[in-house]
Amino acid sequence: MDYDFRSIESKWQAYWAANKTFKAETDSSKPKYYVLDMFPYPSGAGLHVGHPLGYIASDIFARYKRLKGFNVLHPMGYDAFGLPAEQYAIQTGQHPEKTTHDNVARYRSQLDRIGFSFDWDREFRTCDTDYYKWTQWAFLQMFNSWYDPEQDKARPISELIEKFKAEGKWDGLTEKEQSDLLMNYRIAYQGETSVNWCEGLGTVLANDEVKDGLSVRGGFPVEQKKMKQWQLRVSAYAGRLLDSLDSLDWTDSLKEMQRNWIGKSQGTEVEFDTVCDGRHKTVTIFTTRVDTIFGVTFMVLAPESELVDELTAESCREAVEAYRKEIKKKTERERIAQTKSVTGVFTGAYGINPLTGEQIPIWVSEYVLAGYGTGAIMAVPAHDSRDYAFARKFDLPIIPIIEGCDVSESSFDAKEGKMCNSGFLNGMDVKDAIEAAKDYVEEKGIGRRKTNYRLRDAIFSRQRYWGEPFPIYYKDGIACPVDEADLPLVLPQIDSYKPTGEAPLARAKDWTYKGYPLETSTMPGFAGSSAYYLRYMDPHNGDALVSREADEYWRAVDLYVGGTEHATGHLIYSRFWDKFLYDLGYVCEDEPFRKLVNQGMIQGRSNFVYRVVGTNTFVSLGLMGQYETTEIHVDVNIVHNDKLDMEAFRQWRPEYADAEFILENGEYVCGWAIEKMSKSMYNVVNPDLICDTFGADTLRLYEMFLGPVEQSKPWDTKGIDGVNRFLKKFWRLFYDRDQWLVEDAPATPAELKELHKLIGKEQADIENFSYNTTISAFMIAVGELSSLNCHKREILEPMVVLLSPFAPHIAEELWEKLGHAETVTYAEFPKFIPALAAEDNVTYPVQFNGKMRFTVDMPKAASPAEVEAAVRAHELTPKYVGDKSIAKVIVVPGRIINIVVK
RNA sequence: GCCCGAGUGGCGGAAUGGUAGACGCGAAGGACUCAAAAUCCUUUGUCCCUUAAAGACGUGCGGGUUCGAGCCCCGCCUCGGGCACCA
């Protein structure tokens with residue numbers, strides 16, 4: 001019987017599905033392990049070979065953990081709401097519900113072919129009403145909570161009302177005033193801020209959905225607009241999101257990305273008196289360098305800041321307003337492109353330095369951001385490069401306050417040196433001066449220490465159709481929550497879901513609740529993906545997002561696999577969401593993902609043919625230098641090992657039907673390049689095709705064999721024959737044509753040694769995701785066992801178990817042939833390891849000054865001193881030592897011997 | 001500009017500070033075959049050499065630590081990723 005992967009794979013996939021082999025029970029008798037993939041967005045293009053990379057890696061781990069006796073939860077589902085699904089639906093002119101449904105079906109059929117051990121009974125889509133009920137529920141909890149900075153946690157809003165009542169701030173307010181007051185505290189709140197408005201998508205976007213001034217989806221320009229939007233008070237959690245990063249088993253680079261995104265900075269707020277047309281006003285600024293306050297020569301306000309209205313002198317008002325208007329006109333992209341240009345305008349107002357009493361001019365410039373700190377700064381041109389550029393442009397004074405620094409060409413930004421021109425700070429080291437100045441302003445009551453974060457609240461509403469409706473209605477302009485009992489609030493059907501600038505839900509018939517109008521924007525894509533890992537623990541629960549029992553058993557995701565592109569989006573929002581639910585006691589862990597592995601991207605490997613200009617003749621790569629040619633992308637699926645299938649090429653497109661070829665050695669060799677995998681490059685490789693040609697086990701092994709999981713690498717079908725050959729060889733340890741070879745004779749020491757080398761390697765590597773080296777070890781073991789002509793059950797049975805996480809179908813088939821009634825999933829890995837006979841000798845390499853010379857064999861139990869004595873007794877001179885003498889002998893037990901010659 | 005990574009054969013990539021290049025691909029030669037496919041065997045970092053033995057040189061560049069450095073330290077170069085007027 002030859003290795004017939006087609007029948008084997010379809011047989012076992014059907015068996016697993018019919019027997020629910022991978023169904024996970026909430027069963028506390030076994031230790032639990034939760035392995036999760038970032039669930040996919042079902043896009044219209046289907047899966048290419050890059051998508052399953054992470055799923056294969058996590059599946060191997062899940063199967064390995066099952067063998068080790070863990071109760072493994074390994075679910076899968078679809079992130080189906082959100083912009084991409086809706087954009088795709090609009091492009092194809094269909095309802096997003098339908099396209100989502102079709103795309104999900106396609107994904108599922110592709111996933112099913114690869115032999116994943118998902119518990120499909122737990123599958124859901126974020127657009128299922130049963131699921132988004134709990135997204136809406138979570139929103140209501142956030143609406144009904146506030147963040148208490150004293151306890152540093154979220155608490156029910158009712159407790160805040162009690163507090164206000166006790167302080168006499170509540171009674172006597174109108175209903176509207178009470179609502180407005182609470183909006184300033186709710187975790188989910190409606191507020192007017194400057195937001196990213198994307199005209200092309202007809203909606204606002206969160207910061208992580210914008211890159212370089214363009215929308216991540218679609219690449220449309222984004223502008224800043226002041227709008228009233230629903231927001232999540234993520235910033236309240238900034239400190240906790242930052243601090244608990246340390247406890248997570250994530251890569252340093254990803255943690256660093258989140259640290260940068262959260263952007264903690266510890267500084268000082270200082271109050272400056274200002275004068276304008278004889279009026280006085282106090283302006284608070286934020287700085288991290290309060291030590292440089294003696295070098296302040298002007299102040300700057302953000303153009304959007306309300307302070308500008310109050311501080312502009314009548315004589316300057318016209319110029320200031322013109323400047324603000326101009327800034328407002330610019331798109332985000334223009335602002336970024338012009339970062340280097342310096343603009344600004346004088347307000348006519350003056351500030352008074354609280355330490356020196358000196359009067360300094362107040363300017364307005366776009367380099368100061370309204371959304372950070374207080375939207376106002378003290379400018380120290382000698383020690384800040386942005387202030388320096390501004391001072392040079394507008395000819396403002398520059399006063400150095402660090403001894404000996406040169407500010408003739410640029411500012412001196414380093415926090416080092418001795419202070420000067422700085423009153424009581426003179427002579428101090430900069431680091432000490434920072435602390436001394438902070439103490440000073442606090443003592444004098446003109447300022448206070450303050451920590452700021454760059455992390456902003458998340459804009460949570462989208463003026464789009466395909467998302468969760470907000471469970472909010474408006475009673476006389478007051479936002480009120482829908483009763484929890486009335487959830488889910490189902491997304492209504494509408495005639496046209498295309499964006500028109502106004503929210504599509506405004507066109508829905510009877511979009512009301514208790515006779516009042518409902519909120520018409522919908523939630524963003526990240527809403528549904530923020531707590532899905534909790535729902536998998538208890539996916540059919542109608543009474544709670546997750547039962548206490550399920551949550552306390554499964555707790556958190558032990559291993560989470562996905563791409564780095566979610567570093568500042570999903571992975572921040574999920575952590576925030578989890579911490580919020582933790583604060584209110586709904587979940588028992590305050591971090592959702594203990595260990596995170598980022599799989600790399602699979603890039604495409606494009607192939608080219610070279611057409612001789614003006615002809616329909618194509619010249620092979622090696623000969624193209626002799627002709628003038630144009631490079632043309634050719635479908636990689638009709639190229640094998642860079643050799644073009646010429647017949648397939650003629651059939652590929654009508655214009656190539658009569659193509660002629662200039663060959664080298666009878667073959668047409670194509671050129672190649674590494675590019676992004678995309679349709680337009682004709683380099684997309686569909687996993688279905690690989691499963692048809694080589695089988696799912698080969699695909700799984702090959703994707704892992706390409707290199708480390710975390711690393712990005714090009715897909716190159718060239719090497720796939722190698723792992724396919726390995727599987728065939730493995731099969732031949734059991735079968736020679738129709739002859740079953742397995743025998744019950746006891747294994748020899750040499751055979752056992754091979755098995756144990758493999759076990760050692762697999763145990764050491766698999767937990768580090770070094771799957772490529774584990775597979776190498778398999779190849780070596782199978783090669784050795786073939787040449788030993790070993791067909792012993794004692795050896796082969798454990799080999800099948802060890803291989804099963806990687807190539808489950810072939811393992812399952814052979815396991816059955818070995819006479820086991822239960823699937824290999826239930827095989828207990830340690831039970832199948834036969835004892836290894838003690839080895840008697842160790843081979844030590846002997847080096848002279850680090851250079852390898854010869855080896856000596858010594859008993860394993862020999863002490864270093866005995867080894868040294870044996871080496872010294874060896875014939876050492878004159879060949880190795882020459883006319884020098886041995887200074888010392890270094891013996892590293894079990895490793896190496898080095899003889900130092902002087 | 002700032003913060004992370006990474007640089008090893010023709011290629012993908014291996015190497016707890018201890019025989020660099022495992023394993024795979026590709027390539028060359030051979031066996032089996034009428035032939036092909038499949039399979040198996042041998043060779044495959046560079047230089048010197050007819051060949052072999054033996055040797056020398058080799059992990060982006062320049063230094064250093066060490067008996068011994070791809071790995072550790074200092075200074076560069078190149079590539080990839082992230083952030084980017086955050087005061």
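Residue numbers begin at 1 in each chain, while the letters A, B, ... track the order of the sequences.
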Using a heavy-atom cut-off of 4.0 Å across all strands, would you classify Arg605(A) as base, sugar-phosphate, or nothing? nothing
Next item on the list: Using a 4.0 Å heavy-atom cut-off across all strands, classify Arg259(A) as base, sugar-phosphate, or nothing.
Entry: nothing
Could you work out the separation of C71(B) and A37(B) based on their P atoms and round it to a whole Å?
-> 45 Å
ask   = Hey, does Asn772(A) reach any base, or is it just sugar-phosphate, or nothing, if we go heavy atoms under 4.0 Å?
value = sugar-phosphate
Syn within 90° of 0, anti beyond: G30(B) is anti
- Query: Is Arg725(A) near enough to C40(B) that one of its side-chain N or O atoms lies under 4.0 angstrom from OP1 or OP2?
  - Reply: no
Exercise for the section: Check whether the ring centres of Phe394(A) and Phe298(A) lie less than 6.0 Å apart, and answer yes or no. Expected result: no
ask   = Under 4.0 angstrom, heavy atoms only, what part of the nucleic acid is Ile780(A) near: base, sugar-phosphate, or nothing?
value = sugar-phosphate
When Pro845(A) and Lys761(A) are each assigned the nearest nucleotide of RNA chain B, the 5'-most assignment goes to Lys761(A)
The nucleotide from C3(B), G24(B), A22(B) with an atom nearest the side chain of Glu256(A) is C3(B)
Nearest-Å distance once atom P is located in both G30(B) and G80(B)
44 Å
Base of G68(B) paired with side chain of Gln847(A) (donor-acceptor, under 3.5 Å):
no
Open item on the list: Tell me whether the side-chain N/O atoms of Arg454(A) come closer than 4.0 Å to OP1 or OP2 in A87(B).
Closed with: no
Pairing donors with acceptors under 3.5 angstrom, does anything connect the side chains of Asp457(A) and Ser235(A)?
yes
Whole-Å distance, Asn207(A) CG to A84(B) P, equals 8 Å
Margin query: Between U8(B) and G1(B), how many Å separate the two C1' atoms, rounded to a whole number?
Written below: 32 Å
Rounded to whole Å, CG of Leu706(A) lies from P of G24(B) at a distance of 15 Å
Practice task
Pick the P atom in G62(B) and in U78(B), then give their distance to the nearest Å.
Solution key: 16 Å
Pick base, sugar-phosphate or nothing for Pro708(A), based on heavy-atom distances below 4.0 Å to the nucleic acid. sugar-phosphate
**Request:** Take atom P in C47(B) and the same atom in G9(B), then report the distance between them in whole Å.
**Result:** 15 Å
When Pro714(A) and Asn452(A) are each assigned the nearest nucleotide of RNA chain B, the 5'-most assignment goes to Pro714(A)
(message) Within the 3.5 Å criterion, strictly below it, is a donor on Tyr367(A) or Asp387(A) matched to an acceptor on the partner's side chain?
(response) yes
Leu727(A) CG to A38(B) C1', in whole Å, measures 16 Å
Taken to the nearest whole Å, CZ/Arg392(A) to P/C85(B) is 23 Å
Taken to the nearest whole Å, OH/Tyr771(A) to P/G13(B) is 18 Å
- Taking atom NZ of Lys415(A) as the centre, report whether more than 12 heavy atoms of other residues, nucleotides or ligands fall under 6.0 Å from it. no
Whole-Å distance, Asp721(A) CG to G24(B) C1', equals 11 Å
| A87(B) phosphate, OP1 or OP2: any side-chain N/O from Tyr372(A) under 4.0 angstrom? | yes
Rounded to whole Å, CE of Met601(A) lies from P of A6(B) at a distance of 19 Å
In Watson-Crick or G-U wobble terms, with both distances under 3.5 Å, the base opposite U39(B) is A31(B)
> Taking the same atom, P, in C41(B) and in U51(B), what whole-Å distance lies between them?
Replying inline: 28 Å
pair_partner(G1(B)), Watson-Crick or wobble, both distances < 3.5 Å, evaluates to C83(B)
For Lys450(A), report the nucleic acid contact type (base, sugar-phosphate, nothing); a contact means any heavy atom under 4.0 Å. nothing
C1' gap between U59(B) and A14(B), integer Å: 12 Å
**Message:** Measuring only the C1' atom in each nucleotide, how far is G12(B) from C83(B)? A whole number of Å is fine.
**Reply:** 31 Å
Partner of A56(B) under the Watson-Crick or G-U wobble criteria, both distances under 3.5 Å, comes out as U46(B)
Notebook entry, point to check: Given Phe705(A) and Ile720(A), is the side-chain contact (heavy atoms from CB on, under 4.5 Å) satisfied, shown in steps?
Noted result: CA-CA 9 Å; Phe705(A) 191 64; Ile720(A) 202 163; over 6 Å; no
Could you go through Val296(A) and Ile293(A), starting from their C-alpha distance and side-chain angles, then the distance that decides it, and tell me whether this counts as side-chain contact (heavy atoms from CB on, under 4.5 Å)?
CA-CA 5 Å; Val296(A) 173; Ile293(A) 196 160; 4.2 Å; yes
Of C85(B), G18(B), A87(B), the nucleotide closest to the side chain of Ile890(A) is G18(B)
Q: Give a yes/no answer on whether the side chain of Ser770(A) brings an N or O atom under 4.0 Å of OP1 or OP2 in A14(B).
A: no
Scanning all shown strands, the Watson-Crick or wobble mate of U19(B) with both distances under 3.5 Å is none
- Show the numbers, then the answer: is there a side-chain contact (heavy atoms from CB on, under 4.5 Å) between Arg392(A) and Tyr388(A)? CA-CA 6 Å; Arg392(A) 278 273 180 251; Tyr388(A) 186 88; 2.9 Å; yes
Review point. How about Ser411(A) and Asp413(A): does a side-chain donor come under 3.5 Å of a side-chain acceptor?
Key: yes
Regarding the side chain of Phe705(A), the nearest nucleotide among G12(B), C4(B), A22(B) is G12(B)
Ile899(A) atom CD1 is separated from U19(B) atom P, nearest whole Å, by 16 Å
Against the side chain of Trp261(A), the closest entry in C83(B), C85(B), C23(B) is C83(B)
Under a 3.5 Å limit on both distances, the Watson-Crick or wobble mate of G75(B) is C61(B)
